[in-house]
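Taking it in order: structure first as structure tokens, then the write-up.
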Protein chains: 2
Amino acid sequence: MVLRHALLGLLAQRPASGYDLRKQFERSLSFVWQATPSQLYAELNGLADAGLISADPPGPRGRKLYRITQDGREELTRWLSETSPARGVRDEALLRVFFLWVLPDGAAQEYLRGEAARASAYLETLRELEASIEWDDSGFDRYGRIVLEHGLRLAAAHAEWAEWAAAQTPAEQI
Amino acid sequence: MVLRHALLGLLAQRPASGYDLRKQFERSLSFVWQATPSQLYAELNGLADAGLISADPPGPRGRKLYRITQDGREELTRWLSETSPARGVRDEALLRVFFLWVLPDGAAQEYLRGEAARASAYLETLRELEASIEWDDSGFDRYGRIVLEHGLRLAAAHAEWAEWAAAQTPAEQI
DNA sequence: ATGGACATGTAAAAAGTTACATGATTGA
DNA sequence: TCAATCATGTAACTTTTTACATGTCCAT
């Protein structure tokens, strides 16, 4: 039900086609929530069946413009204000750290340095993203910026942790 | 295939029953990877079928002690050294931030202050956990401590971000 | 005319969740 | 003796992933 409400949230700003939503998703929500195109199109049909969005008659290339309905807006608000977010963590990269002692000397350090490099590169990506967006004062942009700030802070903390962690591990024996 | 390798990693330390593994999981791995008991027991049977672990004949209360096999050790090492962790993010609490503009004044701030409080409480939980564990110099404990340090640093960063974010949002109109 | 972006899906398999089912042993 | 913990699962359902299928329109 999360993707469902995410799409509702995007459509609460303005009407859009599945394709539009897919692009918007990639540029924003996908940094905190992954979804595949097939999931997205399926969910749109589900949303329309439930009456939470309505579709204009198909235009060129079969494009369908979706609009949020009053029921949809109410459902979005209900979700935000009356339900709590699930808190399931699933971080495979971090899980692996528990098992790094299994590997020969040096490999753990290599893994952790790789994590640091990856986090630094991601941080750089986010900085470029921040600079490239023409932020406006819409609600979506104001809160999108807040989410981006989260990414910047957490990526920096993750990179620092990984450098620190690498320094705790044995170097390769020569 | 992640839970599979996680169980292999736990069994690489010492033999254990499904119940033992479940408890170990709760105390350590579950902070970065969730799994339900039914998943765990099913996976153990899969692992045994694949010859990666072997089960002793059932003891009292039907308890079965599992041991990692040579094939299992090789598979664990292969997984760690030859495959890359998946990087799919799914953070519902953060996703919701994108849509906070939908709510009336004050509600966004309330949500973000809740996030801050939750992160601080979690940080405290981790500190207590750190103090309560009798750390030894086993590989699992050495790297477990490194994972815990990640939790401490990231929870602190998350709490600080949430406080900052709350301060950016409009207060409730009276 | 044609390559790239536009545009929407289906089907099958894998993974994860939820609810339930069943019984044994131990310590107060 | 009886509550808590030990101990292992099954079944049904939902969600997610992966791979494929199909065709259109626009700019060069």
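Letters go in sequence order (proteins before strands), and every chain restarts at 1. Computed from heavy atoms alone, side chains included, the values below leave out hydrogens, waters and symmetry copies. Here the structure is a predicted model, which is why all the values come from computation and not from measurement.
Among the nucleotides dA15(C), dG9(C), dT18(C), the one closest to the side chain of Met1(B) is dA15(C). For Ser17(B), the side-chain atoms get nearest to dT8(D) when compared with the rest of dT18(C), dA7(C), dT8(D). The side chain of Ser38(B) approaches dA19(C) more closely than any other nucleotide in the set dA5(C), dA19(C), dG9(C). Checking dA15(C), dA7(D), dA11(D) against the side-chain heavy atoms of Tyr41(B) singles out dA7(D) as nearest. Of the candidate nucleotides dA7(C), dT17(C), dT18(D), dA7(C) has the atom lying nearest to any side-chain atom of Arg61(A). Picking from dG9(C), dT18(C), dA7(D) the nucleotide with the shortest atom distance to the side chain of Tyr66(A) gives dG9(C).
As a whole-Å value, the separation of Trp33(B) CH2 from dA15(C) P is 10 Å. Computed from coordinates, the Arg90(B) CZ to dG16(C) P distance equals 11 Å when rounded to whole Å. One atom, CG of Asp49(B), and another, P of dG9(D), lie 11 Å apart when rounded to the nearest Å. Between the P atom of dG9(C) and the CG atom of Asn45(A) lies a distance of 5 Å, rounded to the nearest Å. One can place NE2 of His5(A) at 11 Å from P of dT15(D), the figure rounded to the nearest angstrom. Computed from coordinates, the Leu40(B) CG to dA7(D) P distance equals 14 Å when rounded to whole Å. To the nearest angstrom, C1' of dT8(D) lies 13 Å from CG of Leu21(B). The distance from atom CD of Glu26(A) to atom P of dA5(C) is 12 Å, rounded to the nearest whole Å.
Within 6.0 Å of CD in Glu110(A) there are 12 or fewer heavy atoms belonging to other residues, nucleotides or ligands. Residue Arg113(B) places its CZ atom among more than 12 non-hydrogen atoms of other residues, nucleotides or ligands, all under 6.0 Å distant.
Side chains of Glu115(A) and Glu163(A) form no contact here, defined as non-hydrogen atoms less than 4.5 Å apart.
Listed by chain and number, the residues in a side chain to side chain donor-acceptor pair (under 3.5 Å) with Ser81(A) amount to none (sequence neighbours excluded).
Dashed line: the shortest gap from a side-chain N or O of Gln39(A) to OP1 or OP2 of dT15(D) is not under 4.0 Å. Distances shorter than 4.0 Å separate some side-chain N or O of Lys64(B) from OP1 or OP2 on dG9(D).
Heavy-atom distances to DNA chain D give each of Leu3(A) and Pro60(A) a nearest nucleotide, and the one nearer the 5′ end belongs to Leu3(A). Mapped onto DNA chain D by nearest heavy atom, Gly18(B) and Ala35(A) fall at different nucleotides, with Gly18(B) at the one closer to the 5' end.
For His5(B) (side chain) and Met1(B) (main-chain N/O), a donor-acceptor pair under 3.5 Å exists by modelled atom type.
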